[in-house]
Amino acid sequence: MPVNPEAVGRQYGPSEVYEVTRVKIREFADAVDARSFAHRDVAAARAEGYDDLVAPSTFAVIIAQRAEFHVVVDPEVGVDFTKVVHADERFTHHRPIVAGDEITTTIHIDKITQRAGISMVTTRAELADAEGDPVTTVLSTLAVREDA
Amino acid sequence: MSDENIPSFDALEVGAVVAEREVAFTRDTLVRYAGASGDFNPIHYNDVMAESVGLPGVIAHGMLTMGAAASVVEEWAGPGNVADFQTRFTRPIPVPNPGAATVVVTAKVGALDEELRTARIDVVVDFDGVKVLGKAQAIVPCA
């Protein structure tokens, strides 16, 4: 089943709260070779002006991809996950993510374009903190190959 | 982020290379990223699965390449001081076993915004002479 272009405008969430932990920030920093001590040591993070460990700049993908899963499994959108390639990604930080943040995410299907047997599905994840203030906007486009 | 630790706007020039790093991806790196990110797509650790969807073998997560590129920029910009980062994924990076796929990440000043005092940093990730990211751009606030 091809991707349904009428799914544009759908939204999912707000999701359950994602708690940002020091352990996960350290683990992610190691995985992407982010070398600052501000990702690992609380005193170093405070010396940089943060309340706690600060997350590397693509850390939000962990939270966004959990939310994007709702789009991929929605039968009315029709994405075949075995035929998906990641086309693009963008993070816009309204403020840095720090350990202790409690993040809630709402995901929107912003755009679906179809051409030459490929559907491009663009989602926008809006991450907000416990006060409801915006933290990060994550735009992501999946390219889905359609059967001929 | 305290001002004394972020780049000085007046010292920047369009075209200047601000950071460069060689990054080696191994199967170990991929498994570590899968665990850290929660992205367990088997094309990033299982050759049989990767070949069954037409790939030459296991490939690196696009988001690992983007994350490693961001780390190079962030080390120069200061932790937490990359306000915006975007990229397109143009080429996959096959990761051999055993061995490593080594890329070179180069970050240059692409444009300067006098009014906002921000720098647009253009990032190139080169793998064997081929660019694997397209329009990889970061926005970095400066002092």
Is there a continuous path of hydrophobic side-chain contacts, each under 4.5 Å between heavy atoms, that joins [X] to [Y]?
X        : Y        : value
A/Ile62  : A/Val138 : yes
B/Val14  : B/Leu12  : yes
B/Val125 : B/Phe85  : yes
B/Val72  : A/Phe91  : yes
B/Val105 : B/Phe25  : yes

For the residue pair A/Glu48 / B/Asn5, report whether a side-chain donor-acceptor contact shorter than 3.5 Å exists.
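Yes, side-chain donor-acceptor contact under 3.5 Å.
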Contacting moiety of [X], where chain B heavy atoms sit under 4.5 Å:
X        : value
A/Phe37  : neither
A/Thr137 : neither
A/Gln65  : side chain
A/Ala143 : neither
A/Val32  : both

With chain B as the partner, which of A/Ser36, A/Ser57, A/Ala34, A/Ala44 has the greatest number of non-hydrogen pairs under 4.5 Å?
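Sorted descending by pairs with chain B, the first entry is A/Ser57.
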Flag the one option from A/Arg95, A/Arg66, A/His39, A/Arg35 with the top tally of heavy-atom pairs under 4.5 Å to chain B.
A/Arg35
Using side-chain heavy atoms (C-beta onward) and a distance below 4.5 Å, is A/Glu89 in contact with B/Gln86?
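They are not in contact (no side-chain heavy atoms under 4.5 Å apart), so the answer is no.
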What distance do A/His86 atom NE2 and B/Thr87 atom OG1 have between them, rounded to the nearest 0.5 Å?
9.5 Å
Can we say A/Arg90 and B/Asp84 salt-bridge, meaning some charged N sits less than 4.0 Å from an Asp/Glu carboxylate O?
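Here A/Arg90 pairs with B/Asp84 in a salt bridge, since their nearest N and O are under 4.0 Å apart.
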State whether A/Asp33 and B/Arg21 are salt-bridged, where the test is any N-O pair (Lys NZ or Arg NE/NH1/NH2 against Asp/Glu carboxylate O) under 4.0 Å.
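Looking at A/Asp33 and B/Arg21, the cut-off is met.
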A/Tyr12, OH: over 12 other non-hydrogen atoms inside 6.0 angstrom:
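Yes - once you tally the heavy atoms of other residues, nucleotides and ligands closer than 6.0 Å, there are more than 12.
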Look at atom CZ of B/Arg120 and say whether more than 12 heavy atoms of other residues, nucleotides or ligands are closer to it than 6.0 Å.
yes
For residues 39-60 of chain B, please give each side-chain donor-acceptor pair under 3.5 Å, one per line with the distance, not counting sequence neighbours.
| residue | atom | partner | partner atom | Å |
| --- | --- | --- | --- | --- |
| B/Asp39 | OD1 | B/Asn41 | N | 3.2 |
| B/Asn41 | OD1 | B/Ile43 | N | 3.1 |
| B/His44 | ND1 | B/Ile59 | O | 2.8 |
| B/Asn46 | OD1 | B/Val48 | N | 2.9 |
| B/Asn46 | OD1 | B/Met49 | N | 3.1 |
| B/Asp47 | OD1 | B/Arg27 | NH2 | 3.1 |
| B/Asp47 | OD1 | B/Val58 | N | 3.2 |
| B/Asp47 | OD2 | B/Arg27 | NH1 | 3.1 |
| B/Asp47 | OD2 | B/Arg27 | NH2 | 3.4 |
| B/Ser52 | OG | B/Met49 | O | 2.7 |

So which of [options] has the biggest tally of heavy-atom pairs under 4.5 Å with chain A?
options                    : result
B/Met66, B/Gln137, B/Glu74 : B/Glu74
B/Pro92, B/Ala34, B/Ala36  : B/Ala36
B/Gly38, B/Ser37, B/Ala83  : B/Ala83

Strictly distance-based, threshold 3.5 Å: is any side-chain N or O of B/Tyr33 a donor or acceptor partner for the main-chain N or O of A/Phe28?
no
